[in-house]
S.K.: 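Starting off with a structure, shown below.
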Amino acid sequence: MKTLSQLFSLITILLLVACKQSSNNTTSTTPTVDIIAWQDAQNYYIQHMGEAISYLDSLKQSGVNSTPSKYYFTKAREAFKIAEPIASYLNPEVGHRTNGPALPVYKEDTGKVLHPIGLQKIEESVYEQDITEADFNQEIKITQGLMSVLKGDMTKRQLTPQRFFRATHQQLFRLVSLAISGFDTPVSHLGISETAISLNSLYKVYEFTLQPSIIKKDAQLDQQFKNSIEKAVQYVKNNTDFDTFDRFTFTRDYLNPITTQWVNIRKTADIWEPTTTDPFNFDAPTFFENNSFNLNYFTPVNNRNPSTAQIDLGKKLFFDTNLSANHNMACVTCHAPDKGYADGLKASLDNNGNPLQRNTPTLINSAFQRSFFWDGRSETMIEQIASVFLNEKEFNTNVHQFSEDILKDSTYVKAFKGAYGHIPKKNTDVIKALSSYISTLNSFNSRFDQNIRGEINDFTDQERLGYNLFMGKALCATCHFMPLTNGTLPPFFSETEKEVIGVPKTADNKENDDDLGFYFKYEEALHKGMFKTPTVRNVSLTAPYMHNGVYDSLEQVLDFYNRGGGGGLGFDLPHQTLPFDELNLTTEEQQAIIAYLNTLTSVPEEKY
């Protein structure tokens, strides 16, 4: 029989074993949560916004005409680019004013025209030195004020996984589309070297935050990411000349691996589930995939996530002439699949066969824009289609009264019930169905896309040169933003830009066209002759070109831009948004750009 002392010892041992087993079980079932130093990253961003403000102080003190003015400007921009991801994410409007185009801005709510401000305006002053010291000091003061607002936002709002990943995605897109194209720095062309600054700062913030966790979970991925950043930065440092920088090689071989690895890092970290309210598909490995963009972001709320039945109904309606009052016009009348969903005419024809005022644009990828019609008078595709119904020269029908003539085709009864559960009493469901179908006419699978993704490697030297000119010396991509190649401005895609370029009335380039475009809306002189920037994808199929179809060939289009647009032709255009200067493109360079443009053909559906 055990003594009391022995029993006590045995109980103690059993309790210790039980506690150890319990502890082991808890360890095996409870995941370890990595502590991420978000505050260190936030302080890093804030510190550099403060440095940008300080460098502008130094620039002000040295003066616009001083020897070190370009140095202080360069340092201010570099510091801003480090802070830009989170600063512009938290306050997009102020971020854009700080680093947006040096153009006047019309405020629709007040009717006032705001003078150009921000870093790009200061850039003009520093490099062109056509400004008084007083005005220059005012430019700096206003820009510092904008930066102070951004710094305040960065201080008040904590860095979180959602803010970090969304902001970083936006900044990577800026590199692909804006920095290397010269959009950010049109005079100094500092955007090339700033790309290395942005990539180094991305890695620095990664070290602050995610790296310890990624090393534990996938050390190989961490090393790959480090190597890719180092290679990309070194490539930029070895190739700093704006005109000769090989953007094709840099994007395909250096930036694409970084974006692909960043997606894998986000997934491996597993601390944030991507939202569906952004313009991007956060899981797309590059920005050149068929699914890189989130269609729902560009679609009106009342028409998102359409069913297959609704899309199929829209496709059937697209070809139906019974939608028009005189039964001789359908959507396909002006948007033929074999013509790149345009019509090949100088100006589209009305319901009596007479020319309308403007050229028919393609519908391919038209969903990815924020304004419709050449003059941007409709903000959504649904509004645009409704306008066609109401236009007495087009469908000439009533939006609020269903076009029952289409029910002569009895299959519509089943189609409408399958799509919407009823036969509509208004044309609103017809319009929504058409919008749903047209929104599927998207394709980013051209030879260019396949080459830039690295799936094939058949780009000629001429085509590669053409892309590099398009993205660089020719300035095309500063209005036709990659990869959509339209005017929807990255990385927020909240507006589609319109430009004044001075398109002539006839191809002899003697007289400016008298179509005033967007001017109709506010009758503001700034907007005379202003039109939406269209996509240049599928241009090999959609001649003639420009809003009035004035040019039959791409050679004519390139010549127009090469001469400085309407201003270069001698037209009186005080508000032209193109540089008046000639581009000085050689004939060989212009042909190279055309060769590149011809690689952008990708029609989603061609035959029915």
Side-chain angles (χ1 to χ4, degrees), residues 42-66 68-159 163 167 170-171 174 178 183-188 190 194 197-198 201 489 491-492 494-495 526:
Q42 184 170 356
N43 291 340
Y44 176 76
Y45 288 131
I46 294 170
Q47 171 195 337
H48 283 88
M49 185 61 76
E51 288 183 8
I53 295 171
S54 295
Y55 278 121
L56 288 182
D57 265 333
S58 298
L59 176 58
K60 180 179 178 181
Q61 291 171 15
S62 68
V64 66
N65 298 312
S66 67
S69 62
K70 291 181 182 178
Y71 168 80
Y72 288 129
F73 172 75
T74 300
K75 299 302 289 185
R77 277 203 58 88
E78 289 177 354
F80 176 80
K81 293 302 291 185
I82 292 173
E84 184 179 38
I86 194 64
S88 291
Y89 169 77
L90 293 175
N91 197 328
E93 182 176 359
V94 174
H96 183 64
R97 290 290 279 161
T98 305
N99 191 34
L103 295 171
V105 175
Y106 180 78
K107 297 297 289 183
E108 296 179 5
D109 54 344
T110 63
K112 293 182 178 180
V113 176
L114 304 180
H115 294 295
I117 58 173
L119 289 170
Q120 291 192 33
K121 182 62 184 75
I122 294 175
E123 176 189 42
E124 284 186 358
S125 301
V126 168
Y127 281 79
E128 297 173 0
Q129 298 191 348
D130 184 21
I131 190 172
T132 67
E133 203 70 42
D135 288 342
F136 181 65
N137 291 341
Q138 184 67 11
E139 287 179 0
I140 291 179
K141 179 180 179 181
I142 293 172
T143 305
Q144 285 180 314
L146 294 172
M147 290 182 176
S148 294
V149 171
L150 294 173
K151 185 179 178 183
D153 291 333
M154 297 161 69
T155 303
K156 295 172 188 174
R157 300 172 67 182
Q158 293 298 307
L159 191 60
R163 290 170 180 167
Q170 290 169 2
Q171 193 69 3
R174 286 188 183 97
L178 304 181
F183 178 84
D184 267 1
T185 53
V187 182
S188 65
L190 291 170
E194 287 176 359
I197 299 292
S198 293
S201 65
L489 182 61
F492 301 110
S494 58
E495 66 172 306
L526 195 68

S.K.: If you define the side chain from C-beta out and look only at heavy atoms, does anything of I142 sit under 4.5 Å from Q138?
M.R.: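 When only atoms from C-beta onward are counted, Q138 and I142 do touch, with a gap below 4.5 Å.
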S.K.: Looking only at non-hydrogen atoms, find the nearest pair between E123 and V187 and report the distance.
M.R.: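 Taking every non-hydrogen atom into account, OE2-N, 3.4 Å.
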S.K.: So which atom in D153 and which in L90 form the shortest heavy-atom distance, rounded to 0.1 Å?
M.R.: O-CD1, 3.8 Å
S.K.: Please verify the inter-ring angle class for F73 with Y127; under 30° counts as parallel, over 60° as perpendicular, anything in between as tilted.
M.R.: perpendicular
S.K.: Shortest non-hydrogen contact from V126 to S69?
M.R.: CG1-OG, 3.8 Å
S.K.: N99 versus Q120: any side-chain heavy-atom pair under 4.5 Å?
M.R.: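 Of all side-chain heavy-atom pairs linking Q120 with N99, at least one is under 4.5 Å.
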S.K.: Before you tell me yes or no, could you show the steps for S88 and R174 under side chain to side chain contact (heavy atoms under 4.5 Å, CB included), namely the whole-Å CA-CA distance, both residues' side-chain angles and the distance that decides it to 0.1 Å?
M.R.: CA-CA 11 Å; S88 291; R174 286 188 183 97; 3.3 Å; yes
S.K.: Taking E194 for its side chain and E78 for its backbone only, find out whether a donor-acceptor pair lies under 3.5 Å.
M.R.: no
S.K.: Drop me the distance from S66's OG to E133's CD, to the nearest 0.5 angstrom.
M.R.: 8.0 Å
S.K.: A side-chain contact here means heavy atoms from C-beta on lying under 4.5 Å apart; do S201 and Y44 qualify?
M.R.: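 S201 vs Y44: side chains touch.
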S.K.: Between K81 and E84, is there a side-chain N and carboxylate O pair less than 4.0 Å apart?
M.R.: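 The answer is yes: the pair qualifies as a salt bridge.
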S.K.: Would you check if D57 and Q144 make a side-chain contact, meaning some heavy-atom pair closer than 4.5 Å?
M.R.: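 Counting from C-beta outward, D57 and Q144 do come under 4.5 Å.
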S.K.: Do F80 and H48 come close enough that some side-chain heavy atom pair is under 4.5 Å?
M.R.: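 Not in contact.
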S.K.: Are L59 and I122 side-chain neighbours, meaning at least one heavy-atom pair lies under 4.5 Å?
M.R.: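 Touching, per the 4.5 Å side-chain cut-off.
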S.K.: With sequence neighbours left out, what residues match E51 under side chain to side chain donor-acceptor pair (under 3.5 Å)?
M.R.: Q47
S.K.: What residues form a side-chain contact (heavy atoms from CB on, under 4.5 Å) with T155, not counting sequence neighbours?
M.R.: I46, K151
S.K.: Would you say the side-chain atoms of T98 pair up with the backbone N or O of V94, donor to acceptor, closer than 3.5 Å?
M.R.: yes
S.K.: When you compare the side chain of Q171 with that of I86, does any pair of heavy atoms fall below 4.5 Å?
M.R.: no
S.K.: Taking C-beta and beyond as the side chain, do Q42 and R157 meet within less than 4.5 Å on heavy atoms?
M.R.: no
